[in-house]
Amino acid sequence: MPSEPLGLLLLSGAHDRAHYAFVVASGAAALGRRVVLFATNTGCHALCRDWSPLSDAGRDGLIQARGVAGLDELRDACVDMRVRMIACEAGLRAEALDAGLLLPCVETAGIATFLEAIGTGQIITI
C-alpha cells in the first residue's frame, strides 16, 4: 500500500470533472491512501454545500438514474474516510465565493499548503 499521499488538483467547475475527482479521492481513500483534494477557481464550487453552480450539474440526476453514485454520495464518502479537502483562497476570491458556503470540513488555504501536504506524493490534475 502506497504511503505517499495522493493530491488531486481540481481546476474545473464542470460536473463530470468534479464528480471524477471525488471518484478518485474516495477510491484511493478506500484503499487506505491519504488523499488531499485541492480545488481552485471554478472547481471551488464542488466543495460548496450547494454545488449546483457546477456546469452541467443536472448530469448528476442522470448518472444516478443509471446506477452511478452521485456527487453528494461521493462527497459524503470522502468526508467519512477523512479525505482532506482544501479550497484555494485565491480561487475563492477569483470566483467571488464566500468561505461560509463551503462544507464544514473544508479548509481554506493556498497552493503552498497543498504542496506541503503532498510532499513527494503523486498529484493528479482534473
Side-chain angles (χ1 to χ4, degrees):
M1 182 173 349
S3 60
E4 293 294 324
L6 173 63
L8 295 167
L9 179 57
L10 178 60
L11 301 170
S12 173
H15 178 275
D16 60 343
R17 290 184 176 266
H19 181 267
Y20 213 72
F22 283 98
V23 167
V24 174
S26 60
L31 293 172
R33 193 139 180 210
R34 290 181 293 134
V35 180
V36 180
L37 192 155
F38 183 84
T40 190
N41 297 324
T42 57
C44 290
H45 290 284
L47 299 182
C48 289
R49 287 186 301 274
D50 174 14
W51 48 263
S52 65
L54 290 173
S55 66
D56 201 18
R59 177 179 176 273
D60 203 67
L62 177 67
I63 64 173
Q64 286 182 59
R66 294 177 177 166
V68 176
L71 195 54
D72 286 327
E73 182 178 353
L74 291 168
R75 292 188 333 164
D76 289 347
C78 286
V79 170
D80 290 346
M81 290 186 282
R82 295 193 165 96
V83 168
R84 184 175 178 189
M85 292 182 257
I86 304 171
C88 177
E89 291 171 328
L92 289 171
R93 281 194 300 273
E95 296 304 310
L97 291 172
D98 185 272
L101 299 173
L102 299 170
L103 294 167
C105 61
V106 175
E107 304 170 43
T108 57
I111 190 70
T113 299
F114 172 65
L115 294 173
E116 181 179 56
I118 299 307
T120 59
Q122 179 183 14
I123 296 176
I124 298 172
T125 302
I126 297 179

*Asks:* Between Leu10 and Ala21, what is the shortest heavy-atom contact and its length?
*Replies:*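 Here Leu10 and Ala21 meet closest at CD1-CB, 4.2 Å.
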
*Asks:* Determine whether the side chains of Glu95 and Thr42 contain a donor N or O and an acceptor N or O closer than 3.5 Å.
*Replies:* no

*Asks:* Between atom SG of Cys105 and atom CZ of Arg82, what is the distance when rounded to the nearest 0.5 Å?
*Replies:* 11.0 Å

*Asks:* So, for Arg33 and Pro5, which heavy atoms are closest and what is the spacing to 0.1 Å?
*Replies:*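 Residues Arg33 and Pro5, closest heavy atoms: NH2-O, 3.8 Å.
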
*Asks:* With side chain to side chain contact (heavy atoms under 4.5 Å, CB included) as the test, would you mind laying out the steps for Arg84 and Thr113 before giving the verdict?
*Replies:* CA-CA 12 Å; Arg84 184 175 178 189; Thr113 299; 3.6 Å; yes

*Asks:* Return the OG1 to CD distance between Thr40 and Glu89, rounded to the nearest 0.5 Å.
*Replies:* 10.5 Å

*Asks:* Using ring-ring contact (aromatic ring centres under 6.0 Å, His included) as the criterion, list what pairs up with His19, not counting sequence neighbours.
*Replies:* His15

*Asks:* Honestly curious: do Leu97 and Ile86 fall in one hydrophobic cluster under the side-chain, below-4.5 Å linking rule?
*Replies:* no

*Asks:* Does Ile126 reach the side chain of Leu11, with side-chain heavy atoms less than 4.5 Å apart?
*Replies:*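 Not in contact.
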
*Asks:* Scan side-chain atoms only and decide if Asp60 and Trp51 contain a donor-acceptor pair under the 3.5 Å cut-off.
*Replies:*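 No, because no side-chain N or O of Asp60 sits under 3.5 Å from a partner of the opposite role on Trp51.
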
*Asks:* Please report the shortest heavy-atom distance between Arg75 and Ala46, naming the atom on each side.
*Replies:*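 For Arg75 and Ala46, the tightest heavy-atom pair comes out as NH1-O, 2.8 Å.
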
*Asks:* Do side-chain atoms of Arg49 reach the backbone of Leu102 as a donor and acceptor pair under 3.5 angstrom?
*Replies:*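 Judged by distance alone, yes, a pair lies under 3.5 Å.
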
*Asks:* Do Arg34 side-chain atoms and Val83 backbone N/O form a donor-acceptor pair below 3.5 Å?
*Replies:* no

*Asks:* Using a cut-off of 6.0 Å, state whether more than 12 heavy atoms not belonging to Gln64 lie near its atom CD.
*Replies:* yes

*Asks:* Between Leu9 and Leu37, does a side chain to side chain contact (heavy atoms under 4.5 Å, CB included) hold up when you go through it step by step?
*Replies:* CA-CA 6 Å; Leu9 179 57; Leu37 192 155; over 6 Å; no

*Asks:* Check Cys78 against Ala25 and note the closest heavy-atom contact, atom names and distance.
*Replies:*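 Minimum heavy-atom contact is SG-CB, 3.8 Å.
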
*Asks:* Would you check, one step at a time, whether the test side chain to side chain contact (heavy atoms under 4.5 Å, CB included) holds for Phe38 with Ile118?
*Replies:* CA-CA 11 Å; Phe38 183 84; Ile118 299 307; over 6 Å; no

*Asks:* Nearest 0.5 Å please: distance from the CG atom of Leu8 over to the CZ atom of Arg17.
*Replies:* 13.0 Å

*Asks:* Would you say the side-chain atoms of Asp98 pair up with the backbone N or O of Gly100, donor to acceptor, closer than 3.5 Å?
*Replies:* yes

*Asks:* Looking only at heavy atoms, which two atoms of Leu74 and Ser26 are closest? And how far apart?
*Replies:* CD2-OG, 3.8 Å

*Asks:* Return the minimal non-hydrogen interatomic distance between Val35 and Ala28, and the atom names on each side.
*Replies:*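 Minimum heavy-atom contact is CG2-CB, 3.7 Å.
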
*Asks:* Are Phe22 and Leu103 connected into the same hydrophobic cluster when the rule is that any two of I, L, V, M, F, W, Y join if their side-chain heavy atoms are below 4.5 Å apart?
*Replies:*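 Same cluster.
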
*Asks:* How about Leu101 and His45: do any of their side-chain heavy atoms sit closer than 4.5 Å?
*Replies:* no

*Asks:* List the steps and the verdict of side chain to side chain contact (heavy atoms under 4.5 Å, CB included) for Glu4 and Gln122.
*Replies:* CA-CA 7 Å; Glu4 293 294 324; Gln122 179 183 14; over 6 Å; no

*Asks:* For a side-chain contact (heavy atoms from CB on, under 4.5 Å) with Leu6, tell me which candidate from Val36, Ile123, Val24 qualifies.
*Replies:*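 Going through the options one by one, the only one that passes is Val24.
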
